[in-house]
Amino acid sequence: MLQRIQTIWTFLAVLAAAFLFITGEDVVISDSIPVLNIGCIALVLVGLLSVFSFKNRKRQILLNNISIIINALLIGVLTYWLLKLSGGIQFPEKGIEPIFSLLAIICLFIANIYIKKDERLVKSVDRLR
């Protein structure tokens with residue numbers, strides 16, 4: 001059932017995390033720990049696990065909620081990095097990184113709506129039997 005609409009939304013969130021990984025190569029928050037890279041890899045793995053656990057909708061909602069929390073933390077980290085950046089936010093090429101996390105959160109919220117709708121449909125059909 002990979003053709004469902006919630007799978008497409010979740011996959012778009014995974015793509016946003018991949019784009020964040022690509023564009024966030026110059027983000028240095030800590031010299032010793034690559035926070036952004038670890039967060040992006042975790043988002044991709046949790047997102048792909050959510051896409052391929054389509055038979056267990058409760059697990060899919062849980063994994064999407066974990067991805068939303070990680071994305072919210074990454075928005076905070078990236079905002080901190082932007083405010084600490086020398087020159088401020090005057091550079092037009094800087095500052096696109098938090099947009100990808102925000103898009104991922106929106107996509108995951110929409111995916112959760114469709115997963116819950118699908119869960120209600122399955123429960124209503126079970127009641128009819």
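All residue numbers in this chain count up from 1 along the given sequence.
- Side-chain heavy atoms closer than 4.5 Å link hydrophobic residues (I, L, V, M, F, W, Y) into clusters, and following such links, possibly through other members, connects Val35 to Leu78.
- At least one side-chain heavy atom of Asn64 sits less than 4.5 Å from a side-chain heavy atom of Ile115.
- Taking all atoms of both residues into account, the shortest heavy-atom contact from Gly47 to Thr10 is O-CG2, 3.8 Å.
- Pairing each heavy atom of Ala16 with each of Ala104, the nearest pair is CB-CB, 4.0 Å.
- In the hydrophobic clustering of ILVMFWY residues, with side-chain heavy atoms under 4.5 Å counting as a link, Ile113 and Leu108 come out apart.
- Taken from OG in Ser101 to CG in Leu43, the straight-line distance is 7.0 Å, to the nearest 0.5 Å.
- Both Phe19 and Ile38 are part of a single hydrophobic cluster, where members link through side-chain heavy atoms under 4.5 Å apart.
- Cluster annotation: Ile96 and Val77 are assigned to the same hydrophobic cluster (Ile/Leu/Val/Met/Phe/Trp/Tyr, side-chain heavy-atom contacts under 4.5 Å, transitive).
- In this structure the side chain of Val44 never reaches within 4.5 angstrom of the side chain of Phe21, judged on heavy atoms.
- Arg4 is not listed as a side-chain neighbour of Tyr114, based on a closest heavy-atom distance of 4.5 Å or more.
- A 4.5 Å side-chain heavy-atom check between Trp81 and Glu97 finds at least one atom pair inside the cut-off.
- Atom-to-atom distance recorded for Leu63:CG and Leu45:CG is 11.0 Å, nearest 0.5 angstrom.
- Using a 4.5 Å heavy-atom threshold, the side chains of Thr79 and Ile75 count as touching.
- Using a 4.5 Å cut-off on side-chain heavy atoms (C-beta onward), Phe109 and Ile68 make contact.
- Taking each heavy atom of Arg59 and Ser53 in turn, the nearest pair found is NH1-CB, 3.9 Å.
- Two residues are said to be in side-chain contact when any heavy atoms from C-beta on lie closer than 4.5 Å; Lys117 and Arg120 meet this criterion.
- Between the side chain of Ser50 and the backbone N or O of Val46, no donor-acceptor pair lies under 3.5 Å.
- Taking CG from Asn112 and CG from Leu62, the interatomic distance works out to 10.0 Å, rounded to the nearest 0.5 Å.
- A donor-acceptor pair under 3.5 Å is formed between the side chain of Ser124 and the backbone N or O of Leu121.
- Atom CG in Leu103 sits 10.5 Å away from atom CG in Leu20 (nearest 0.5 Å).
- The line from CG of Leu15 to CD1 of Ile22 is 9.5 Å long, rounded to the nearest 0.5 Å.
- Connection of Ile110 to Ile69 is not established within any shared hydrophobic cluster, with ILVMFWY side chains joined at heavy-atom distances below 4.5 Å, either directly or through further cluster members.
- Rounding to the nearest 0.5 Å gives a distance of 13.0 Å between CG of Leu74 and CZ of Phe100.
- Residue Ile70 comes nearest to Ala42 through the heavy atom pair CD1-CB, 4.4 Å, listed as atom of the first residue, atom of the second, then distance.
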